[in-house]
Structures are given as C-alpha cells and as structure tokens.
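Beneath this line is the structure, given in structure tokens, with notes to follow.
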Amino acid sequence: MQPCAEGIIISMPSTAPCSAHAAPWVLAATILGSSLAFIDGTVVNVALPALQSNLNATVLDVQWVVEAYALLLAALLLVGGSLGDVYGRKRIYVLGVAVFAAASACCGFALNINQLISARAVQGIGAALLVPGSLAIISASFRGHDRGRAIGTWSGLTAMTTAVGPVLGGWLIEHASWRWVFFVNLPVAAIVIILTLWRVPESRNPQASEGPDWVGALLAAAGLAGIVFALIESSKRTWNDPVVIAFLLVGLSALIAFLAVESRTKAPLLPVTMFRVRNFAGANLLTLFLYSALNGMFFFFPMNLIQVQNYTATAAGAALLPFIVLMSLLSRWSGGLVDRYGARRPLMFGPIVAAAGFALFALPTIGAEYWTTFFPAVVMLGLGMAITVAPLTTTVMNSAAEGRVGVTSGINNAVSRLAGVLAIAILGIVMLGTFNRHLVPNLAQINVSPEIRQELKAQRIKLAAIEVPAKIDTATREAIRRSIDESFIAGFRLVMLIASGLALASAATACLVIRSRA
C-alpha cells in the first residue's frame, strides 16, 4: 500500500472521455495492469525462503532480488509518467506491461540467483513504465464524478487483488514452484495488452513538449545503486573494503550531482523548490520513516514464519490478510479524518498505533501461535496504517500547487519506494550483525567438531536458511537448529523495535512539521 495513488494525474487530457461502452474495459485494463506491479511487491517476499533453498542463495542475494526491482522502480517512476505525457499514455503503458511480462518470464526461467537478479532489474523498469500509466489513463478517460467513481473502483479492486496475491503466490510455491510466482504474470499481462490496444483511448499532455529528464534519472539511479550496493556488500566485506568505499563515494557523488542538476534544469525530475512547502516536506519525511519500517517488516516477516516458525508458504502468504483487509475497509472512513480533525492529529495518532503494532511483532518466540501473537500485531499495524494512509495522501495532494498534482503524487510515491530500498539495505545489516553476535556464542555451547562449527559459521550469511550437516546425531542437529532460530529471532526483534522507533519518528514529524490546515 502506497501513500498516494500510483500515478501521474493529468490536468488537461488531449482526448475526449471514453464512451460508456468502453469505460468498463478501461477499468479492467488499468486494474489488472496495476495489480501486476502491486502483487509483485508483496508476493516475492513470500518466495524468498524458497529462493534461498532452491538457488542456494544468501540473505544478501535475496536482498538484491528485492532491491534490483525496487531500485529501478523508484529511480524511474517519474520518468515513466513523463514518457506517457509526451509519447502517449496508452503506448507507454502497453510497453511497460510487455517489458514486465518478458522480465517475469526470464525470472521464472532463471537458472541461478544472478540471472534472477538481472531479470528483476528489468522487471523494475517495466513497472516504472506501467505504474504511472494506470491512473493517468483513468484520469484521461473519465470526467467529473465519473472520474471519482472510477478511481474508487480502481483503488478497491487493486486492494483486493493485492490481498489475494500473497495467498495465491504461497499456494503456488507450496504446490508447484517459486517459478510460478513469475509465470502467473504472463497470462494476466497478455489480457492487459489486448484490452488496452482494443479498448483504451490514447491520450497525451499537450503542455508536455519536452522529454523526460534523462540526466536526472541516470544520476538518481546511479546514486541509489552505489549507496545500496555499499550498504548490502558491507555485510559480506567490511566498511574498509576499497570496493565498498568506492561504490559509496560514487553513490554520494551522483546524488549530489543529481541535486545540482535538478536545481538548474528547466524541466526537473524532482523540483527541489517544492520541498519549501512545509506540509509537503513534512509528509514526505513522514513517508520515508513509516514506509522504511513497513518494508523492513514485509521483507523479514515471511522468513520468520516459513524458516523459523515452520509455516507453509500458503499460511505465510495469508498471515498479512488482516492488514490488507483493514486498509481496504477503513480507507473511506480515514479519508474524512483530515476534514474533521485536520492533518496533524491523524498523522500523529496513526503512526503511534503502527509503532505499537511493530513492537508487538518483537514479542513472539519460536513456535508462536499465530492467533495469540502475530495476529494482534498484524491487526494493530493494519489499524495504524489505515488511520495514516488516506490523511497522508490528502495532506500531500493539498500541498500541491495548481498544475502540479501529478508531480506531487509521483514524488511521494517515489519517496515511499526509496524508503523500501534503503530499509532493506540498512535493516539487513542490523539483522545479519545481530544474528552473528548471537549464533557464535550459541554454537560454542554445543559439543560439535571444529569442522562442523566452521561449516556452520561459513553459512551465517544465509541467516535462518543455514543447512545443518546431516552427518551428526539427531539431538545435536536439533540443538544447532534451535540456536540458529533463536539467533534469527534476536535479529528480527531488534529490526521490529527499530521499525517501531521509525514509526514514532513519523508521529514526531507530524507533530513538529505538519500544519493541520495548509
């Protein structure tokens, strides 16, 4: 769930609204296309334990499986919207779906983890083209009250498909293969392309005569990639490693150059002057904190359920259903909170409730019963996010200057994606460091040969996916397995407490920066 609608809302479409006969087909095409990207953002996390097992991947490898997609999506999201404005939203949308589908096929056929990571990067490029196009097509195809109803239908049905996605993905992983998580995208993409070419009218923004800010996009991608590479690789190497230092310097230099370019170009990817608006800056800072916490939970929670708590992939996929249901059911109610109480109160109270939810995730031990441990945490987190998201969207959009609604929405979505990229990299360091600090002394208390101990230590980078050697007795194997699980739980608890702190930082941001009436 993103804080703003995933798209670039246009102000003056160059085509007439679609006919009543074509309207359902436009909705079907945009909802199914959006669902491809939305589902992918959650279902792949459920597949990570299977990827570790089947492709002999480390936790750093599976971090890149997520990061390669999220990084390209975050860096190119605004470019995708600009391309649609200039060259036609329908054309760019179809191109995005086609690229996403081709990359999904490559993901499914990947023979090793490096091939999968490369295909995921291409998938992120496809998502960056299709995600902004879905809502932009709706905005161009409907007018007045019809547009509002269309966006509401789009929001509700994409939420439903997002809820079903992890459950379906878990079932496919459990009964077929993790590869079907990607193959299932292909028939949906084919339907979307056919419907779009057949029934969706083309539209452009007549004022968007200039092309995208490619220099800014390349600098943003290079900057993020350099910093993320340094963060992730620092867990395997050290911060003194020349490669880590070099990538960190390249990343920081590229981001500094990006800000310099954006402050001078005529059509910037990121208009930095917008951050002078207090509510806009505060809402985006709140988004960065809160969505960093949320993405950290989404990444490590399925590993906990499947590798430590021994849930099936289907059960792990269904574990977050209450979260999505609450978000869907309460979104309309929470949307009116700003009118009733102003922006500051719900943006303080919602993150505080979410912080309590994150803290509850830190309580369960090994063998925890879902309904008495994880379920209350999921419900509390869902309630907190439900209170927050709609008022956050309203605050962001109310801070937009006339004619900049699309840019405002796009920046906030890019910030939420950036939060996920940074959270997985940084919290991965925290998790791996805590896991190692607990595992080494735990193994020292178990009577195993130095060779076995060394073999286990060599696998520490796999976290809970460490394979215990089969050549030792059952009792010792069980003791080792429990030590591994306890070490993972220690890391997971610290990550969830940090997530709780980030949520509280969101509430503090709302208190100190957000004005109730912009």
Side-chain angles (χ1 to χ4, degrees), residues 36-76 96-131 165-166 168-189 221 224-225 228-229 231-233 235-236 295 298-303 306-307 313 316-317 417 420-421 423-425 428 431-432 459 461-467:
L36 285 172
F38 294 166
I39 292 172
D40 192 86
T42 54
V43 73
V44 170
N45 289 334
V46 180
L48 296 181
L51 294 178
Q52 281 192 275
S53 176
N54 287 277
L55 297 180
N56 194 30
T58 68
V59 69
L60 304 187
D61 293 329
V62 296
Q63 277 182 277
W64 275 116
V65 169
V66 175
E67 295 285 55
Y69 174 85
L71 197 154
L72 270 297
L73 175 55
L76 301 178
V97 174
V99 171
F100 190 93
S104 296
C106 292
C107 288
F109 286 117
L111 300 178
N112 55 58
I113 195 67
N114 291 327
Q115 290 181 10
L116 179 59
I117 291 170
S118 299
R120 285 282 289 165
V122 179
Q123 215 182 14
I125 295 173
L129 297 176
L130 78 89
V131 162
L168 174 61
W171 188 89
L172 289 171
I173 293 165
E174 186 178 345
H175 295 93
S177 167
W178 61 267
R179 299 180 186 276
W180 281 97
V181 169
F182 300 104
F183 288 147
V184 75
N185 292 334
L186 302 182
V188 178
L224 292 175
V228 169
F229 182 90
L231 289 170
I232 292 178
E233 289 298 311
S235 298
K236 184 170 64 176
N295 280 279
F298 280 153
F299 184 80
F300 289 109
F301 187 47
M303 293 184 186
I306 295 172
Q307 295 174 337
R417 301 287 184 176
V421 171
I424 292 170
M431 167 61 88
L432 193 57
Q459 297 185 70
I461 205 167
K462 291 184 177 181
L463 293 179
I466 289 176
E467 297 178 9

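Reckoned from all heavy atoms, side chains included, excluding hydrogens, waters and symmetry mates.
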For this session: Could you give me the CA-CA distance, side-chain angles and deciding distance for D61 and V65, then say whether side chain to side chain contact (heavy atoms under 4.5 Å, CB included) is met?
Result: CA-CA 6 Å; D61 293 329; V65 169; 5.7 Å; no

For the atom pair [atom1] ([X]) and [atom2] ([Y]), what is the distance rounded to the nearest 0.5 Å?
| X | Y | atom1 | atom2 | answer |
| --- | --- | --- | --- | --- |
| Q52 | M303 | CD | CE | 5.0 Å |
| I125 | L76 | CD1 | CG | 6.5 Å |
| L60 | L463 | CG | CG | 8.5 Å |

For [X], which residues count as a side-chain hydrogen bond (donor to acceptor under 3.5 Å, both in side chains) partner, sequence neighbours excluded?
| X | result |
| --- | --- |
| N112 | none |
| Q123 | D40, S104, R120 |
| W180 | none |

For this session: State whether the side chain of R417 and the backbone N or O of L72 hold a donor-acceptor pair below 3.5 Å, judged by distance alone.
Result: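 No; zero donor-acceptor contacts below 3.5 Å.
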
Exercise. Within the side chain of Q459, is there an N or O that forms a donor-acceptor pair under 3.5 Å with the backbone of E467?
Worked result: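 Looks like yes, one N/O pair under 3.5 Å.
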
For this session: Please step through side chain to side chain contact (heavy atoms under 4.5 Å, CB included) for the pair F299 and L48, ending with a clear verdict.
Result: CA-CA 9 Å; F299 184 80; L48 296 181; 3.4 Å; yes

For this session: Could you walk me through whether E67 and F229 pass side chain to side chain contact (heavy atoms under 4.5 Å, CB included), step by step?
Result: CA-CA 10 Å; E67 295 285 55; F229 182 90; over 6 Å; no

Is any side-chain heavy atom of [X] closer than 4.5 Å to a side-chain heavy atom of [Y]?
| X | Y | value |
| --- | --- | --- |
| V228 | W64 | yes |
| L129 | F100 | no |
| T58 | Q63 | no |

For this session: Under the side chain to side chain contact (heavy atoms under 4.5 Å, CB included) rule, what do F298 and V66 come out as? Steps first, then yes or no, please.
Result: CA-CA 11 Å; F298 280 153; V66 175; over 6 Å; no

Problem set entry | Those residues that, when tested against A37, pass side chain to side chain contact (heavy atoms under 4.5 Å, CB included) (two or more places apart) |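 Result, side chain to side chain contact (heavy atoms under 4.5 Å, CB included) vs A37: Y69, A127, L130, V131.
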
Problem set entry | side chain to side chain contact (heavy atoms under 4.5 Å, CB included) involving A98 - partner list, sequence neighbours excluded |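 With sequence neighbours excluded, A98 shows a side chain to side chain contact (heavy atoms under 4.5 Å, CB included) to I193, given in chain and number order.
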
If every non-hydrogen atom of [X] is compared with every non-hydrogen atom of [Y], which pair is closest and at what distance?
| X | Y | answer |
| --- | --- | --- |
| V62 | A57 | CG1-CB, 4.2 Å |
| V181 | I173 | CG2-CG1, 3.6 Å |
| V46 | G170 | CG1-CA, 4.2 Å |
| N45 | P302 | O-CB, 3.6 Å |
| L224 | A75 | CD1-CB, 4.4 Å |
| L55 | W178 | CD1-CZ2, 4.0 Å |

Exercise. Which residue pairs satisfy the ring pair (Phe, Tyr, Trp, His ring centres under 6.0 Å) criterion with at least one member in residues 103-131, sequence neighbours excluded?
Worked result: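 As it turns out, the ring pair (Phe, Tyr, Trp, His ring centres under 6.0 Å) pairs with a partner in residues 103-131, which skip direct neighbours, are F109-F183.
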
